[in-house]
Amino acid sequence: MNPRRSSYTTGGGSQSISIDPNTFFQTQPQTSNVVASLKMFLKKPHAFPFLLFVFLLLTWVSLRLQHSASVSSSAAKTAAFNDQDLKWGDEKKSSHSVEEDYKANMIRFPSSATLSEITKDKRGWLMDPVSVALESGIPGGAQICASLHVGEIRPGSLRGNHRHYTCNETFLIWGAKTKFRLENNLMEKGYTEVMIDADDVAVIVSPSGTAHALVNVDPVRTTFFLGCQDNRIDYNSSTSDFNVWKDL
Ligand SMILES: *[C@@H]1O[C@H](CO)[C@@H](O)[C@H](O)[C@H]1NC(C)=O
Ligand SMILES: *[C@@H]1O[C@H](CO)[C@@H](O)[C@H](O)[C@H]1NC(C)=O
């Protein structure tokens, strides 16, 4: 019945001399025998668990491959934006893409961030948003703060939705889930929108002539923000546009 077994029995008797030619000449038939018996086996109902196992194994392998491909491609993107890629926040631990944040001129520090720019210890975080923005390489950040605005935005409320023509502004935003919209004429809609999570600390650059809006979309928490402008704005003159977006 089993030619494979009988060939080993014959070969075993006369030691290595007859084993070698046997195995050599029988390589082809043995392979086709294996294929044939595999076919037989697969036709039987008890092959089902085996097939299921093979299928699961293949699925697992393909998921692993996909995962490592996406990790390496996002790492490549991060590196392309800035060679000190850690500056863009700890992407692996954040559900947001570095690319989207980049389009919104944003540097995000998720609660898990352990970066040098955001000094964190038991007391909490501490940072200089103006230098974080300048060091990030995003153009249009304020170099100095000629005017500072610090404030809160209660749940459901909106601030900004305006465009200043005579100042660059660097924002620091934290405290609640907050939607930030920044004018971006490279986008089809004319803007980029990012969601800042309640645990995130975000630095955003809005260069002169770029509209921006902050909306607290958190059900309970208050958004806090700081805006550093490199020039004093005369709100009486026509150096700003207000109510830029009607859908906010
Ligand atoms: C804003 O930044 C630009 C460089 O990005 C600079 O040329 C300009 O002087 C800055 N200040 C104002 C008020 O535009
Ligand atoms: C702006 O205009 C108002 C009147 O509309 C006036 O009372 C105020 O003094 C002006 N402020 C400046 C800075 O010119």
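Counting starts at 1 for both ligands and their atoms, following the listed order. Residue numbers count from 1 along this sequence.
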Under 6.0 Å between the ring centres of Phe109 and Trp125? no

In ligand 1, the atoms that come under 4.0 Å of a heavy atom of Gly140 are 5 (O)

Note: ligand 1 atoms sitting under 4.0 Å from heavy atoms of Asp230 are 1 (C), 10 (C), 11 (N), 12 (C), 13 (C)

ask   = For ligand 1, is Pro139 a contact, meaning one of its heavy atoms is under 4.0 Å away?
value = no

message: Using a plain distance cutoff, I'd like to know if Thr166 has any nitrogen or oxygen under 3.5 Å from a nitrogen or oxygen of ligand 1.
response: no

| message | Please check whether Asn231 reaches ligand 1 - meaning an N/O of the residue sits under 3.5 Å from an N/O of the ligand, judged on distance alone. | response | no

Note to self: Checking contacts now, so for atom 14 (O) of ligand 1, which I'm interested in, is there any protein heavy atom under 4.0 Å?
What the structure shows: yes

- prompt: Phe180 vs His212 aromatic rings, parallel, tilted or perpendicular, using cut-offs 30° and 60°?
  reply: parallel

More than 12 heavy atoms from other groups under 6.0 Å of CZ on Phe242 = yes

TODO: Ignoring hydrogens and angles, tell me if any N or O in the side chain of Asp241 forms a donor-acceptor pair with the backbone of Arg163 under 3.5 Å.
DONE: no

Does the side chain of Ser206 come within less than 4.5 Å of Leu182's, by heavy atoms?
yes

- prompt: Do the non-hydrogen side-chain atoms of Lys177 and Arg221 ever get within less than 4.5 Å of each other?
  reply: no

The closest protein heavy-atom partner of atom 11 (N) of ligand 1 is Asn168 ND2, 2.8 Å

